[in-house]
Amino acid sequence: MSALLELRDLRKLFPVRDALGRSRGAVRAVDGVSLSVAQGEVLAIVGESGCGKSTLGRLALRLIEPDAGEVRFGGEDLRALSPAALRARRRDMQLIFQDPFASLDPRMTVEAAIAEPMRLHGVVPRGQESAKVAEWLERVGLRADHARRWPHEFSGGQRQRIAIARALASGPKLVIGDEPVSALDVSIQAQVVNLLQDLIRDLGLTFVLISHDLAVVRHIADRVAVMYLGRIVELGETEQVFNRPKHPYTRALLAAVPGQGAKAPPLAGDVPSPMAPPSGCRFHTRCAHAVAKCREVDPMLPSEAHAAACHLAAELPPAIAPHETETGGERLRRLQAFFTQGTAA
Amino acid sequence: MSTPVLELDNLSVGFATDRGLVRAVEAVSFSVAPGQMLAVVGESGCGKSVTALAVMGLLPDSAQLGGRILFDGRDAREAQRGRDLAMVFQEPMTSLNPAFTAGEQVAEALRRHRGLAPRAAFDAAVEMLSRAQIPDAERRARQYPHQLSGGMRQRVMIAMALACRPRLLLCDEPTTALDVTVQAQIMALLDELRQETGTAVVLITHDLGVVADRADHVAVMYAGRVVEAAPAAQLFATPQHPYTVGLLGAAPRLVGGRGRLASIEGAVPDPLNLPPGCRFAPRCPFAEARCKQPPPLAEVAPGHSAACWRAPLDQVLAA
């Protein structure tokens, strides 16, 4: 498989200033990340707040400039493109945000919002935009006559559908979703997850899902990158990472997901400040397995199909795969089938 | 059974708006025993937070209340907020006063409700903060909210709420704004303190995983009404209301399975334009003609009730 998106040793620092404008150091948001996303693949970037996952997504689309490193899209170095060439390239890469209340312009009708990227990139001949907008609305589960309405007339779930239609209207090859379903209620979230899965499959999209929700990631992603303090600590196929997590942080993260029975919290304390990440392995301050080497030597992410940046990955006891408290069994599955098959009556 | 700490009897809350009366909560009844955790589950707008605010007496004067709220068998309006019952909110930053240190804010609760002298109150506050698993509590007590992480702030809120050993603690999505590893710490802390002090907890949440792990009893709310209530294990093993069935299927699972999620079609009804009869009927695959009449919350198995004409749903499967 060829890589559609390739990130090489990306770095991004955000300087921090005090109230008087004096420099107080810098947050190392992304600190040496290399990653490639294959054509047609769904890759998830997971991690807790402040791990750098959203910054990485913005770097990948060159919405912000990296301090170092390379972003290649379809083999082309995005940093080498002129502003005009980059604007043209935007047709192929789009972003879906978390908050559909903030991402749609309240002064634009739904039609205007979806037609804008079409017009900007000239993907639809003039005069045919309305028909195309109607087509997109139906494709994302809304009605053609919604086109004349305003964003405030829609619920959160409907707005996210509109935002998805807008992101897809220019016909992108790559879509990055930054927590695209996190703000939605669970029943609405399920609808939008199903929609995203359908669109990814039908349009052959390459999709990067940035999320903190491990169950959603498990459901959608082919591969997973786990981030901690600006670094990828584990990378591999979803099944591998979830069933046989190698990195102690991945293990703790999975064990912390609720629904696995009441038990002791897997990690104590907070994530250290990204302004002063710990020496050696960044996770050593919270790791139950850490040895002297972990405090001194920064572990690298090996280039294996399922890789963990951990000195002890080969020696750790086998991981316990996540287990959920069994609910409902066959009876529940049969009842739920009524929902998947649509409303009877 | 001992007297419940909290008992809601036919509680309803309405808000007059320009467009008409919004019935946010209607005919809600449940009770919580000492030391127990009751989870109130539902999606945005189901009335779960309004119910908690009603218990705390924090609704605006314009709210139209009906029914009774009993605290220890007496009218809850006689109970003292802070001493008898306390509340922890979702976003600790907006509940803490940015101008006072963490220690001062916990100490104030102790001065006010336990009548401690300032020095003794501050010492007791440090003690409470360290019980809430704040490392280096002596130093943290002298810091301001903005100097603390989100998880730390929520621990301060819990320390403050529990400082006076209230008989009832209401937690409204206490971990929703927090990362999953911190969330696990906070939930374990709540469990520990509950066992230690015998405080009853009402946990308001949308997260069924948290409920399955921690709650003794569950009330599922939809569009202002309780649609199902049961001991937690029973609710998850044999859910009897179609909405509960749908919710359980809508949440993606950590243990694989990539098929379509059993999403519930449509959306929650407009509170100003509620469907007659069962409010879930327009989205329900099991709905039939009689669902145009409102179903009562009725017992379908011992201790397990559902507001559904078709419950127990096993009848549907047998048909």
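Every chain is numbered from 1 and lettered A, B, ... according to where its sequence line falls, protein lines coming before strand lines. What's counted below: heavy atoms across the whole structure, side chains too, no hydrogens, waters or symmetry copies.
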Please state whether the side chain, the backbone, both or neither of [X] comes within less than 4.5 Å of a heavy atom of chain B.
{"X": "A/Ser155", "result": "neither"}
{"X": "A/Gln197", "result": "side chain"}
{"X": "A/Gln158", "result": "neither"}
{"X": "A/Val216", "result": "both"}
{"X": "A/Asp270", "result": "side chain"}
{"X": "A/Leu254", "result": "both"}
{"X": "A/Asn243", "result": "neither"}

Practice task
Over 60° means perpendicular and under 30° means parallel, so classify the ring planes of B/Phe286 and A/Phe338, tilted if in between.
Solution key: tilted

Contact part of [X] toward chain A, heavy-atom cut-off under 4.5 Å: side chain, backbone, both or neither?
{"X": "B/Glu192", "result": "neither"}
{"X": "B/Ser149", "result": "side chain"}
{"X": "B/Ala251", "result": "both"}
{"X": "B/Arg214", "result": "side chain"}

To check you understand the geometry: which heavy-atom pair defines the closest contact between [X] and [Y], and what is its length?
{"X": "B/Leu254", "Y": "A/Arg218", "result": "O-NH1, 3.1 Å"}
{"X": "A/Phe339", "Y": "B/Pro242", "result": "CZ-O, 3.2 Å"}
{"X": "A/Val186", "Y": "B/Ala250", "result": "O-CB, 3.8 Å"}
{"X": "B/Thr181", "Y": "A/Arg286", "result": "OG1-NH2, 4.1 Å"}

I'd like to know if the side chain of [X] and the backbone of [Y] have a donor-acceptor N/O pair within less than 3.5 Å.
{"X": "A/Arg331", "Y": "B/Pro239", "value": "yes"}
{"X": "A/Asn194", "Y": "B/Arg260", "value": "no"}
{"X": "A/Gln336", "Y": "B/Leu261", "value": "no"}

Completion exercise
Checked B/Met187, B/Gln185, B/Met152 vs chain A; the most non-hydrogen pairs under 4.5 Å come from B/Gln185

Practice task
Could you have a look at B/Gly151, B/Ala212, B/Ser44 and say which one has the most heavy-atom pairs with chain A under 4.5 angstrom?
Solution key: B/Ser44

Handout entry: Salt-bridge contact B/Asp213-A/Lys263 (side-chain N to carboxylate O under 4.0 Å)
Key = no

If you tally heavy-atom pairs under 4.5 Å against chain B, which of [options] wins?
{"options": "A/Pro266, A/Ala268, A/Pro258", "answer": "A/Pro258"}
{"options": "A/His212, A/Gln260, A/Gln189, A/Arg333", "answer": "A/Gln260"}
{"options": "A/Ala321, A/Gly157, A/Pro265", "answer": "A/Pro265"}

Practice task
Drop me the distance from B/Leu313's CG to A/Arg334's CZ, to the nearest 0.5 angstrom.
Solution key: 12.0 Å

Handout entry: Nearest-0.5 Å distance, CZ of residue B/Arg253 to CG of residue A/Leu214
Key = 15.0 Å

